[in-house]
Asks: 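Quick one: the structure is below, and I'll ask about it shortly.
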Number of protein chains: 2
Amino acid sequence: MTTTDREVENRLQQHQVRYTTGRRAVINSLAGAPGPRSAAELHAEIGTSVPLSSLYRSLTVLEEFGVVQPHFGAKGITRYELAEWLKGHHHHLICINCGSVDDIELPHPIEQQVRALVGDIGSMASFMPINHALEIEGRCGSCL
Amino acid sequence: MTTTDREVENRLQQHQVRYTTGRRAVINSLAGAPGPRSAAELHAEIGTSVPLSSLYRSLTVLEEFGVVQPHFGAKGITRYELAEWLKGHHHHLICINCGSVDDIELPHPIEQQVRALVGDIGSMASFMPINHALEIEGRCGSCL
DNA sequence: TTCCTTGCAAACGATTTGCATTGGA
DNA sequence: TCCAATGCAAATCGTTTGCAAGGAA
């Protein structure tokens with residue numbers, strides 16, 4: 001059992017929600033992925049023994065209790081990834097050719113700059129920033 | 001006829017694509033909106049005389065010729081906005097309470113910083129950045 | 001036992017498409 | 001004129017849900 005596994009187990013226990021085999025499979029699959037994953041992708045990776053509807057339900061409760069978070073992509077496809085407290089704050093590199101979405105963690109000083117910018121923007125526009133995401137579209141290493 | 005209207009007309013003409021009444025309605029609606037709009041929202045604003053399927057088709061060709069660009073949001077809803085060359089480069093303030101998406105244009109020096117960051121990230125990750133979007137989630141003025 | 005969770009199939013909602021008709025250059 | 005564009009209805013596809021069966025405390 002990995003650390004992530006244990007942390008998720010604790011979090012769910014605190015809410016009296018069961019950490020079942022299906023939910024565990026989703027978490028482990030996401031923990032090993034380099035970026036957000038859609039229900040269909042998880043279905044392919046985990047194996048078709050777990051029906052799609054169950055995956056969707058697992059993702060729904062995992063999101064509800066702050067374990068995973070959604071990312072909305074092209075063609076109306078929602079991909080999920082582990083929440084920041086499990087995976088760390090990061091941004092996304094989105095390939096306009098193959099559609100892949102990869103995580104990127106900014107060097108601390110740069111992330112600080114972004115954070116400061118977001119704060120400034122908030123006060124500039126009477127908007128209270130809670131979260132931010134720098135999404136960079138372009139061509140990934142395999143598609144150059 | 002507005003300037004935007006004329007610019008779109010030229011762009012489409014260059015591609016021998018007709019700038020029809022339906023397409024014109026989409027452009028004018030988007031030109032007057034403070035943020036991206038979904039097909040359903042356009043349908044409501046333009047009037048139900050133009051069927052949804054036609055709106056989708058209009059949006060598809062307008063996107064194909066670089067006149068509008070999509071933004072992917074929660075619940076698999078795609079919203080469109082005028083392309084940057086018509087509307088200017090900007091970012092989005094997304095309200096987690098009411099779901100509204102508003103445009104925000106960064107002061108030039110700040111936008112420069114973001115641009116520089118994106119460039120750095122690209123070389124850091126062997127990724128060729130083409131576009132970037134700083135999406136800020138939080139609570140909008142009406143939902144504070 | 002008593003709920004929570006899962007499987008299956010049907011239902012949904014956003015978007016797409018086939019086909020016959022209309023309309024603009 | 002003549003092909004592109006539109007309307008309508010049916011089809012797709014990702015996602016959700018009702019209901020009965022299975023499983024953990």
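Since we're looking at a predicted model, the values are computed, not measured. Chain identifiers are assigned alphabetically (A, B, ...) following the order of the sequence lines, protein sequences preceding nucleic acid strands; residue numbering begins at 1 within each chain.
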Asks: Taking distance alone, no hydrogens or angles, what donor-acceptor pairs closer than 3.5 Å link side-chain atoms of residues 54-66 of chain A to residues at least two apart or in another chain?
Replies:
| unit_1 | atom_1 | unit_2 | atom_2 | d |
| --- | --- | --- | --- | --- |
| A:Ser58 | OG | A:Ser54 | O | 3.1 |
| A:Thr60 | OG1 | A:Tyr56 | O | 2.8 |

Asks: Taking side-chain hydrogen bond (donor to acceptor under 3.5 Å, both in side chains) as the test, write out the residues that go with A:Lys75, two or more places apart.
Replies: none

Asks: For a side-chain hydrogen bond (donor to acceptor under 3.5 Å, both in side chains) with A:His92, tell me which candidate from A:Glu137, A:Arg79, A:Glu81 qualifies.
Replies: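 So the option named by the test is A:Glu81.
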
Asks: What pairs of nitrogen or oxygen atoms, one from the protein and one from nucleotides 8-11 of chain D, lie under 3.5 Å apart?
Replies:
| unit_1 | atom_1 | unit_2 | atom_2 | d |
| --- | --- | --- | --- | --- |
| D:dC8 | N4 | B:Arg57 | NH2 | 3.1 |

Asks: Without decimals, in angstroms, what is the distance between A:Gln16 CD and C:dT2 C1'?
Replies: 15 Å

Asks: Calculate the interatomic distance between B:Leu55 atom CG and D:dA5 atom C1'; express it in whole Å.
Replies: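 B:Leu55 atom CG is separated from D:dA5 atom C1' by 13 Å.
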
Asks: Which residue is it: A:Glu41, A:Glu45, A:Arg24, A:Arg37? I am looking for the one with a side-chain hydrogen bond (donor to acceptor under 3.5 Å, both in side chains) to A:Ser29.
Replies: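 So the option named by the test is A:Glu45.
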
Asks: Calculate the interatomic distance between B:Tyr56 atom OH and D:dA5 atom P; express it in whole Å.
Replies: 20 Å

Asks: How close or far is atom P of D:dA5 from atom CD of B:Glu64, stated in whole angstroms?
Replies: 10 Å

Asks: With a 3.5 Å distance limit and no angle check, can you tell me whether B:Arg23 reaches the backbone of B:Arg18 through a side-chain donor-acceptor pair?
Replies: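 The answer is yes, because a donor-acceptor pair under 3.5 Å joins these two groups.
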
Asks: When rounded to the nearest 0.5 angstrom, what distance separates CG in A:Leu82 from NZ in A:Lys87?
Replies: 6.0 Å

Asks: Expressed as a whole number of angstroms, how long is the span from B:Glu63:CD to C:dT15:P?
Replies: 12 Å

Asks: Keeping to residues at least two apart or across chains, list the ring pair (Phe, Tyr, Trp, His ring centres under 6.0 Å) pairs with something in residues 122-144 of chain B.
Replies: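 Output for this query lists B:His89-B:His132, B:His91-B:His132.
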
Asks: Near DNA chain C, counting only heavy atoms under 4.0 Å, which residues of residues 17-46 of chain B show up?
Replies: B:Arg18

Asks: Return the CD1 to CD1 distance between B:Ile136 and A:Ile121, rounded to the nearest 0.5 Å.
Replies: 4.0 Å

Asks: Can you tell me how far P of D:dA5 sits from CG of B:Leu59, to the nearest Å?
Replies: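 For the pair B:Leu59 CG and D:dA5 P, the rounded distance is 14 Å.
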
Asks: With a 4.5 Å limit on heavy-atom distance, are the side chains of B:Leu86 and B:Val68 in contact?
Replies: no

Asks: If I compare all heavy atoms of B:Asp102 with all of B:Pro34, which pair ends up nearest, and what's the gap?
Replies: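 Minimum heavy-atom contact is OD1-O, 3.6 Å.
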
Asks: Taking CG from A:Leu52 and P from D:dT12, how many angstroms apart are they, rounded to a whole number?
Replies: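 Rounded to the whole Å, the gap is 18 Å.
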
Asks: Near DNA chain D, counting only heavy atoms under 4.0 Å, which residues of residues 71-82 of chain B show up?
Replies: none

Asks: Are any side-chain N or O atoms of B:His43 and backbone N or O atoms of B:Val50, one a donor and one an acceptor, separated by less than 3.5 Å?
Replies: yes

